[in-house]
Novice: 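Next up is a structure, given as structure tokens.
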Amino acid sequence: MAYSWFKAFHIIGIVVWFAGLFYLVRLFIYHVEANQEPEPARTILKNQYQIMEKRLYNIITTPGMLLTVAMAIGLLTTEPEILKQTWLHVKLGFVVLLLGYHHYCKRLMKQLAVDECRWSSQQLRALNEAPSLMLVVIVLLAVFKDNLPTDITVWVIVAMIIAMVATIQLYAKKRREDKEKELAQISQLPQQQS
């Protein structure tokens, strides 16, 4: 019975933690892009994003991470023999990477608060995809355990990376084209008025 409770709340923790991680870096992107706005909008937006980032990190993301880890420890106490399985070692390695990502986000949040973040919005978009890749690998390991078809898994991960890179590049191209159209329309306004 304890195993089921630990597992249920472990899954709930994972959902909350990942929801926070996915949205947190998205806020970082908006925070960085606010630098392109004229004053007073720039300051207002940056202050608002800073509040949202802190609340998301402290009220949702970190408690989700703590719940996930605590329930994982509970699961391991109910089935200690699982610690001998290779798939779990690999999964825990990815969880350690995810914990590092979580804490790195706090570092970025602090840098953004004092205007010392050197990441571009496009670089942050790429960073935002890291937890997606880790989530896929962690879930596949949890489901397949030692029977994970590594050849297919590698191809799935490579395909995901290619799709993510292509999407980020296409989005950047679209934003540039939209900006150029906007500037062209603005430059035509004085000609139309005369």
Side-chain angles (χ1 to χ4, degrees), residues 9-72 94-139 157 160-187 189:
F9 281 95
H10 181 65
I11 293 168
I12 292 166
I14 291 167
V15 171
V16 171
W17 187 19
F18 274 90
L21 287 176
F22 291 146
Y23 191 52
L24 185 63
V25 180
R26 175 63 47 191
L27 288 174
F28 294 168
I29 293 165
Y30 300 149
H31 195 142
V32 166
E33 289 177 348
N35 284 322
Q36 299 166 4
E37 299 296 325
E39 286 296 351
R42 177 185 312 142
T43 300
I44 293 168
L45 287 169
K46 288 171 70 170
N47 288 341
Q48 185 61 42
Y49 290 135
Q50 189 174 339
I51 291 167
M52 293 168 70
E53 291 158 5
K54 282 182 183 177
R55 288 180 181 166
L56 179 62
Y57 188 86
N58 294 323
I59 299 172
I60 296 172
T61 312
T62 298
M65 181 260 304
L66 293 172
L67 181 63
T68 300
V69 171
M71 295 301 104
F94 279 98
V95 171
V96 168
L97 287 174
L98 194 57
L99 289 166
Y101 179 89
H102 178 98
H103 293 290
Y104 187 71
C105 284
K106 180 160 189 157
R107 182 175 172 201
L108 285 175
M109 191 171 61
K110 288 179 179 180
Q111 290 174 355
L112 284 163
V114 294
D115 282 331
E116 292 180 358
C117 181
R118 300 294 167 237
W119 287 73
S120 70
S121 62
Q122 189 167 354
Q123 290 169 325
L124 286 168
R125 280 184 175 82
L127 179 69
N128 198 31
E129 301 305 332
S132 300
L133 295 171
M134 287 187 262
L135 177 63
V136 169
V137 173
I138 290 168
V139 169
I157 298 300
M160 285 180 64
I161 292 169
I162 290 169
M164 290 171 180
V165 169
T167 303
I168 290 167
Q169 293 301 318
L170 288 171
Y171 183 71
K173 181 181 177 187
K174 182 186 179 324
R175 284 180 52 120
R176 279 192 306 273
E177 289 171 354
D178 290 349
K179 192 73 164 178
E180 289 169 5
K181 286 178 188 175
E182 183 181 326
L183 291 172
Q185 289 173 346
I186 290 171
S187 67
L189 282 177

Novice: Supply the atom-to-atom distance Ile162 CD1 to Met164 CE, rounded to the nearest 0.5 angstrom.
Specialist: 11.5 Å
Novice: Measuring from Glu37:CD to Thr43:OG1, what's the distance to the nearest 0.5 Å?
Specialist: 11.5 Å
Novice: Is Arg55 atom CZ crowded by more than 12 heavy atoms from other residues, nucleotides or ligands, each under 6.0 Å away?
Specialist: no
Novice: I'd like to know whether CZ of Phe9 has more than 12 heavy-atom contacts from other residues, nucleotides or ligands below 6.0 angstrom.
Specialist: no
Novice: Looking at every non-hydrogen atom in both residues, tell me the closest pair between Cys105 and Leu24 and how far apart they are.
Specialist: CB-CD2, 3.7 Å
Novice: Considering all heavy atoms of both residues, which atom of Leu135 and which atom of Ile14 are nearest to each other, and what is their separation?
Specialist: CD1-CG2, 4.5 Å
Novice: In Å and rounded to the nearest 0.5 Å, what is the CH2 to CG distance from Trp119 to Leu127?
Specialist: 4.5 Å
Novice: Answer yes or no: is there a side-chain heavy-atom contact under 4.5 Å between Glu129 and Ile168?
Specialist: yes
Novice: Does Glu39 pair with Arg42 as a salt bridge, N-O distance under 4.0 Å?
Specialist: yes
Novice: Quick check for you: to the nearest 0.5 Å, what is the distance between Phe22 atom CZ and Asn128 atom CG?
Specialist: 8.0 Å
Novice: Are the side chains of Gln122 and Gln169 in contact, using a 4.5 Å heavy-atom criterion?
Specialist: yes
Novice: Are Glu177 and Lys173 packed together at the side-chain level, in the sense that at least one heavy-atom pair is separated by less than 4.5 angstrom?
Specialist: yes
Novice: Quick one, Leu112 and Phe28 - any side-chain contact, counting heavy atoms below 4.5 Å?
Specialist: yes
Novice: Write down the atom of Ile60, the atom of Val16, and the distance for their closest heavy-atom approach.
Specialist: O-CG1, 3.4 Å
Novice: With side-chain hydrogen bond (donor to acceptor under 3.5 Å, both in side chains) as the test, pick out the partner of His31 among Glu53, Lys46, Arg26.
Specialist: Glu53
Novice: How close do Ala113 and Gln50 get, counting heavy atoms only, and between which atoms?
Specialist: CB-NE2, 3.4 Å
Novice: Where do Trp17 and Thr61 come nearest, in terms of heavy atoms and distance?
Specialist: CD1-O, 3.5 Å
Novice: Measure the spacing between NZ of Lys110 and NZ of Lys54 and express it to the nearest 0.5 Å.
Specialist: 10.0 Å
Novice: Is Phe94 atom CZ crowded by more than 12 heavy atoms from other residues, nucleotides or ligands, each under 6.0 Å away?
Specialist: no
